[in-house]
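Side-chain atoms are counted along with the backbone in the values below, which use heavy atoms only and exclude waters and symmetry mates. Chain letters run A, B, ... following the sequence lines, proteins first, then strands; residues in each count from 1.
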Number of protein chains: 2
Amino acid sequence: MIPVLDHSLTKPLYLQIYTYIKDAILIGSIKPGEKLPSLRGLSKDLGLSLTTVGLSYNQLLVEGYISSRPQSGYFANVISAGVTASPFEGSDQILSQLDDVTPRRFYSDLSSFDFVKWKKCMNKILNDYPHLLLEEGSPQGEETLRSQISRYIYQSRGVRCHANQIVIGAGTQQITNLLAIMLSMMGIEDACFEDPGYRPARSIFIGRGFGILPIPVGKEGILIEELPSGIKSTVYVSPSNQFPMGSVMPIARRYALLEWAKINNSMIIEDDYDSELRYFGRPIPSLSGLDNGEHVVYLGSFSSTLFPSIKISYMVLPEVLFALFKTMVNDYTQTCSKAEQLTLALYMQNGLYQTNIKKLRKLYTQKARVATDSINKRMLGVAKILNNSSGVHMLLEVTSKQSPEELCLAAATLGIEIIPIAKYTFQKIVKDNAVLIFYYTRIPLHEIDGAIKNLSALWHK
Amino acid sequence: MIPVLDHSLTKPLYLQIYTYIKDAILIGSIKPGEKLPSLRGLSKDLGLSLTTVGLSYNQLLVEGYISSRPQSGYFANVISAGVTASPFEGSDQILSQLDDVTPRRFYSDLSSFDFVKWKKCMNKILNDYPHLLLEEGSPQGEETLRSQISRYIYQSRGVRCHANQIVIGAGTQQITNLLAIMLSMMGIEDACFEDPGYRPARSIFIGRGFGILPIPVGKEGILIEELPSGIKSTVYVSPSNQFPMGSVMPIARRYALLEWAKINNSMIIEDDYDSELRYFGRPIPSLSGLDNGEHVVYLGSFSSTLFPSIKISYMVLPEVLFALFKTMVNDYTQTCSKAEQLTLALYMQNGLYQTNIKKLRKLYTQKARVATDSINKRMLGVAKILNNSSGVHMLLEVTSKQSPEELCLAAATLGIEIIPIAKYTFQKIVKDNAVLIFYYTRIPLHEIDGAIKNLSALWHK
């Protein structure tokens, strides 16, 4: 504790120290019972005489803010509860509060990620490469990670690119923001979005002043016929796993979409999130892999395949955008943790990433089966599964007197994450039944049936 | 390796597999000597007959892309060097390349941060709190870290705020971007910047369409008299340690700046970077601490006090901006690593952060003394120290026939980071002598004199 003093004020220094400590005690920054600095220590730290500091402590003693204990020093007193409660409430005993601070409101499945292996990679970086952490990270993202990503997406998704074409950022929103700036620079003013679709991406383009065109989604993905023609625009799609509907764009439609982009000199943003976790059906080539490298920006992320709080996303830029990126890269700082980027590079190089995806595919396949059986058995006449092949969630159509919000709130009380699809639509869907997104993969395998049983009881009311 | 096949193409499947593997070998995605999947394994993975897969392997054998070894399987051949070099060059042996990928071009001082203690905190989070990492982070930043920051900045800088007023982001640029959006929403259209000043912040405001007013800097910081009056605007200042001039705004000028903001209903952005590392002179109260909580946004960062590649910054919002932030927070995702935020909270709670700052202050004081003595002795008539109290760098005025860029390039060949001040100015400075920013604190203590000796030899040419 070093009180900040102002020598130019007419207020005497001892009173400034007094006020500082008094305030600190009142707002809880100094806790009841906490030991104050010794007179000698504080006077040395402040470069002031013992007398000055003594005067302020004396004033605090007199007014009852502190007490003196023989042979041990000065301690803050307990002040009335109403005052100590603000404004620093909750700042003590941080560690013991870690659990409460981010309450475990929802189920989470510790078996979905092996933190021990991750920790080993992180420790290797902290032990053996600390000098790398003493240099700022690359604005584009660490090259060692970009190399790993370029190999991986070629092998798993057929995306051909050089590590130099990859840009890393902290989350899809961050990446999309950069992209929106570059598309603006290219003279694109309109952006098309799947409706329903991924909201945060849309918000970025709204914030950057783009005209927004919601395009309906069918069983084969976005309705290409509804895309604007005769103007240069961009379309944000999730063809391999449409969010949140889970539809997959067949190969012929993919070629049609690429053709649209070519004819209109437009840019496709392919969000390939979660596609690695699709466990029913054959993988379908990415748009980027089918393209000649001119009209598709490929977006990927590690949130679903590692753990949700890791914020590492990337995009693969076609030549024309990469040229633009080079002009702006020096004014841009990297948002992604360098330590985590290097850890992930090592994790991928050791084959752990691929192993984890295999494990997740198997686990999620089991979860899908259990959840499907449980819903069909326990929710007959209440909930119907519309689509359960999306990777991490399923779509439910629920017949109930309760509103979609009430149904989701009931689920939340059980720790089950369910979101009304209406949250992701532009145009209001007029429908008698609620369509809900059910994140059943967040629930541990052996608790799924029990959770659905409890939910069924609440929804039957 | 799973070839992505397209069943709708007229091209036979065996040829698609053949092309996929051939390409992978040519671009280096499959390395020379690497074992290919077995016929049986691949046909199972693809759901195709052994015959189809066998046909493609046979074609590859015939054309010399692969060889078969009895009892062991199929292996990729070495193809001519010219072809294998592109486009995946440099993606193998990542780990052994970690050092090369981010070359140690500049000196770095491993004694400036104790990665072992950091690692212990990180391991504690990964061991004991993995379930927290399975939930996405708070868009505003983890509350446990915000609480620690609120206590710390009160004690060290006199900034009074509730943890709720703090917003965390990955780097000052990220934070400034959010701030620029909010200031736009408040109807502010003009932003004033110190000239010379911190360039990345300026770029953000330019990108958001603000009018930019460069304001000269004197010995007492920004020239307040040159700020616009009669209009609502914002000014970005670093009053406790002006970047890069190192000037400190005296208390009377601070009150004058606050008065300007009040009269013009304008907003001050106080970048308090590095102020903890000033080791000459008494700390001066922050603007935010002197304000009534209405006109100052306080910005802080951990890059200088932990290690440069960590990207954790924060801002303290006055009420009016916090209200705006609440309206946009749901459309915003956190960019800062949650694992690192929790690690830092623990690190601060254990008092390790404060200990490290004390250690750095002592170390940097020694470095400043050594560097000053060395320059005065070895660079007489060549370099003059203009300011050495800034924390992590000093300003040098160099008399030389070489241009500032040439002088800095010469330094870089020795691993010494020196930047021409002109990089941070708006208006061209017309001056015979070069003014340079010398990051001497990056050099280990006992190598400083030697480094300056070597530099002197290059500069005397």
| query | Which region of A:Met348, side chain (C-beta onward) or backbone (N, CA, C, O), has a non-hydrogen atom less than 4.5 Å from a non-hydrogen atom of chain B, or is it both or neither? | reply | neither
| field | Top contributor to chain A contacts, counting heavy-atom pairs under 4.5 Å, from B:Asn127, B:Leu306, B:Leu290, B:Asn177 | value | B:Asn127
| request: Output the distance between atom NZ (B:Lys119) and atom NZ (A:Lys124), rounded to the nearest 0.5 Å. | output: 11.5 Å
| request: Identify which part of A:Asp23 has an atom lying under 4.5 Å from any heavy atom of chain B, answering side chain, backbone, both or neither. | output: both
| Which region of A:Arg208, side chain (C-beta onward) or backbone (N, CA, C, O), has a non-hydrogen atom less than 4.5 Å from a non-hydrogen atom of chain B, or is it both or neither? | side chain
| Separation between OG of B:Ser337 and NZ of A:Lys338, rounded to the nearest 0.5 Å | 15.5 Å
| How many angstroms lie between CZ in A:Arg151 and CD1 in B:Ile30, if you round to the nearest 0.5 Å? | 9.0 Å
| request: Counting only heavy atoms closer than 4.5 Å, note whether B:Tyr255 contacts chain A via side chain, backbone, both or neither. | output: side chain
| query | Given a strict heavy-atom distance threshold of 4.5 Å, which part of B:Arg199 is in contact with chain A: side chain, backbone, both, or neither? | reply | side chain
| Which bit of A:Ser112 is near chain B, if near means a heavy-atom gap under 4.5 Å: side chain, backbone, both or neither? | side chain
| remark: Cut-off 4.5 Å, heavy atoms of chain B, and the answer for A:Gln334 is backbone
| message | Taking side chain as everything from C-beta outward and backbone as N, CA, C, O, which of these in A:Pro200 sits under 4.5 Å from a heavy atom of chain B? Side chain, backbone, both or neither. | response | neither
| query | Distance only, no hydrogens: is a donor on one side chain within 3.5 Å (strictly under) of an acceptor on the other, for A:Thr335 and B:Gln174? | reply | no
| What is the distance from atom CE of A:Met122 to atom OG1 of B:Thr343, rounded to the nearest 0.5 Å? | 7.5 Å
| said: Can you tell me how far apart OG (A:Ser29) and CD (B:Gln155) are? Round to the nearest 0.5 Å. | reply: 4.0 Å
| query | Considering all heavy atoms of both residues, which atom of A:Gly137 and which atom of B:Ser309 are nearest to each other, and what is their separation? | reply | N-CB, 4.3 Å
| said: Using the side chain to side chain contact (heavy atoms under 4.5 Å, CB included) definition, which of the options B:Phe106, B:Phe115, B:Tyr107 pairs with A:Leu134? | reply: B:Phe115
| field | Engaged part of A:Arg202 at the chain B interface, taking heavy atoms whose separation is under 4.5 Å | value | neither
| query | Where is the tightest heavy-atom contact between A:Thr333 and B:Gln173, given as atom of each residue plus distance? | reply | N-OE1, 2.7 Å
| remark: Counting heavy-atom pairs under 4.5 Å with chain A, the top scorer among B:Ile310, B:Leu133, B:Ile251 is B:Leu133
| field | A:Glu340 to B:Ala339 - nearest heavy-atom pair and separation | value | OE2-CB, 3.6 Å
| Of all heavy-atom pairs between A:Tyr20 and B:Tyr154, which one has the smallest distance, and what is that distance? | OH-O, 3.2 Å
| task | Measure distances from A:Lys311 to the heavy atoms of chain B and classify the residue's part below 4.5 Å as side chain, backbone, both or neither. | result | side chain
